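In what follows, a structure is listed as structure tokens, so that the remarks can point back to it.
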Amino acid sequence: MVHQQHLRFSTNGRGTYNISQQISDVIEKSNIQTGICQIFIQHTSASLILCENADPTVRTDLDAFMKRLVPDGDSLFKHKDEGPDDMPAHIRTVLTESSLSIPVHKGKASLGIWQGIYLWEHRTSSFKRNLSVTIIGE
Amino acid sequence: MLYQNTLQLAEHTQGAYEITELVTEIIKDSKIHTGTCHLFIHNSSSAILISDTADESTKNLTADFMAQLAPSSVDANANINNAMNAVPPTMKYARSQNELTIPVTSGRSGIGVWQGIFLWEYKSAPVERKLTVTIMGEPLHKSFRLTR
């Protein structure tokens, strides 16, 4: 059995956005009890991560680390048509994930207690981000 | 429904090569309408990744960044546990994935308008790569077609 649904999120600048609830809703709607839920983001300047959901500073620290690893406006970058955050956003995406697969068990996303699914916006301005969620199972 | 195809990619030297069209053809051959497509590269010195197709410089600059992060002069085979200077190459190989799953929507790859699928070769000497594509999903049901 296959269930596929497309989701659209509005982001408001660089940072992480918890989308666990929206993904859980899609799994519930699919009526699939056992299987795999595959999430895919259709962009090259925003990505997906599984991350700790208890302390929000974990995610702000992650972003601070990325900022140091891939500095905005680095002279290495020539692709800056859309600003100093343009090329770093593409690299941040390559360093994280465009696709996540999580288990579906007893009709629910089988995540760890402290795991959350996050959309990580790498651009500093607001964007609409499209995701595709495919659940395969029984 | 399941469809799998293993293919040998022609020899490539260091760089990023777009394989979106090849993947699209395989998805078409599978006759699967809705599902997922898993791509797996059978080695640890090249990667499969999604990159921007709008500006050619994006993938080159990503490669430049990776080169800076993991200079080729550092021994790529050094063990991460006992050499701090092995972190960059390990990062390079570990952070760029050798597998990728993309959605299959309406019998096509469901990637974004500006996304392309690339084989990212790290080795400077020309080398052949084996790629396995596994597509899982459902064909278009006749009843579904009638109701549309």
Side-chain angles (χ1 to χ4, degrees), chain A residues 1-8 26 30 32 35-49 66 68-71 74-82 86-102 122-123 127-137, chain B residues 1-2 16 32-39 47-69 88 91-92 94-97 99-106 108-118 120 134-141 144:
Chain A
M1 203 168 135
V2 179
H3 177 90
Q4 192 172 67
Q5 214 174 310
H6 296 93
L7 301 177
R8 186 163 227 223
V26 177
S30 76
I32 288 171
I36 286 178
C37 170
Q38 198 261 334
I39 313 157
F40 184 83
I41 185 158
Q42 297 177 318
H43 305 273
T44 58
S45 52
S47 57
L48 300 168
I49 52 161
M66 271 296 199
R68 196 160 70 180
L69 188 68
V70 196
D74 191 318
S75 60
L76 175 73
F77 308 140
K78 292 158 206 85
H79 173 85
K80 48 192 170 190
D81 299 352
E82 294 174 36
D86 189 347
M87 192 58 215
H90 292 306
I91 294 177
R92 282 162 160 255
T93 304
V94 168
L95 292 174
T96 49
E97 317 279 343
S98 297
S99 156
L100 278 183
S101 293
I102 55 170
H122 300 299
R123 297 299 308 275
F127 282 89
K128 296 260 188 270
R129 300 305 195 180
N130 298 313
L131 265 72
S132 148
V133 184
T134 311
I135 302 150
I136 301 184
Chain B
M1 198 172 143
L2 205 58
I32 287 170
H33 181 263
T34 310
T36 60
C37 170
H38 178 251
L39 310 167
I48 291 285
L49 63 98
I50 292 271
S51 187
D52 181 270
T53 51
D55 184 347
E56 181 77 359
S57 70
T58 309
K59 65 178 166 58
N60 298 335
L61 288 169
T62 305
D64 287 352
F65 172 82
M66 283 299 203
Q68 206 180 56
L69 192 68
M91 176 83 183
K92 185 173 172 179
R95 274 326 310 152
S96 44
Q97 299 110 38
E99 55 134 1
L100 173 75
T101 307
I102 58 169
V104 173
T105 307
S106 304
R108 291 164 198 215
S109 84
I111 61 173
V113 186
W114 303 113
Q115 285 181 319
I117 306 159
F118 291 84
W120 199 353
T134 310
I135 304 160
M136 285 195 286
E138 283 176 350
L140 184 64
H141 293 298
F144 180 65

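Labels below follow one simple rule: chain letters A, B, ... track the order of the sequence lines, proteins then strands, and each chain is numbered from 1. Remember, predicted model here, so these are calculated numbers, not experimental data.
Summarising the geometry, atom NZ belonging to K78(A) is positioned 11.0 Å from atom CG belonging to D55(B); distances are rounded to the nearest 0.5 Å. To the nearest 0.5 angstrom, F40(A) atom CZ is 10.0 Å from C37(B) atom SG. Put simply, NE2 on H90(A) and CG on D52(B) are 4.0 Å apart, with the number rounded to the nearest 0.5 Å. One distance of note links CD of Q5(A) with OG1 of T34(B); it measures 12.5 Å at 0.5 Å rounding. Note that the CG atom of L39(B) and the OG atom of S99(A) stand 9.5 Å from one another [nearest 0.5 Å]. Note that OG of S98(A) and CD1 of I111(B) are 10.0 Å apart. Values are rounded to the nearest 0.5 Å.
With a threshold of 4.5 angstrom between heavy atoms, T105(B) approaches chain A through its backbone and through its side chain. Of the two parts of V133(A), neither the backbone nor the side chain holds a non-hydrogen atom closer than 4.5 Å to a non-hydrogen atom of chain B.
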Open item on the list: Assess the residue pair I136(A) and T36(B) against the criterion (side-chain contact (heavy atoms from CB on, under 4.5 Å)); give the C-alpha distance rounded to whole Å, side-chain angles, the decisive distance to 0.1 Å, and a yes or no.
Closed with: CA-CA 8 Å; I136(A) 301 184; T36(B) 60; 3.5 Å; yes
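When atom types are taken as modelled, the side chain of Q42(A) and the backbone of V113(B) share no donor-acceptor pair closer than 3.5 angstrom.
Among the candidates G35(B), A54(B), P103(B), the residue making the largest number of heavy-atom pairs closer than 4.5 Å to chain A is P103(B). Among the candidates L76(A), I135(A), T93(A), D86(A), the residue making the largest number of heavy-atom pairs closer than 4.5 Å to chain B is L76(A).
Residues satisfying the ring pair (Phe, Tyr, Trp, His ring centres under 6.0 Å) criterion with H3(A), sequence neighbours excluded, are absent altogether. Every residue two or more places apart in sequence or in another chain was checked for a side chain to side chain donor-acceptor pair (under 3.5 Å) with S51(B), and none qualifies.
Across all their heavy atoms, Q4(A) and V104(B) have their closest contact at NE2-O, 3.1 Å. Across all non-hydrogen atoms, the minimal contact from M87(A) to T58(B) is CE-O, 3.1 Å. A pairwise comparison of heavy atoms in T44(A) and Q115(B) identifies CG2-CG, 3.6 Å as the closest pair. Looking at every heavy atom in both residues, V94(A) comes nearest to I50(B) through CG2-O, 4.2 Å. Of all non-hydrogen atoms in E138(B) and V2(A), the two that sit nearest each other are OE2-N, 3.4 Å.
Within 6.0 Å of atom CD1 in I36(A), 12 or fewer heavy atoms from other residues, nucleotides or ligands are found, so the atom counts as exposed in its surroundings.
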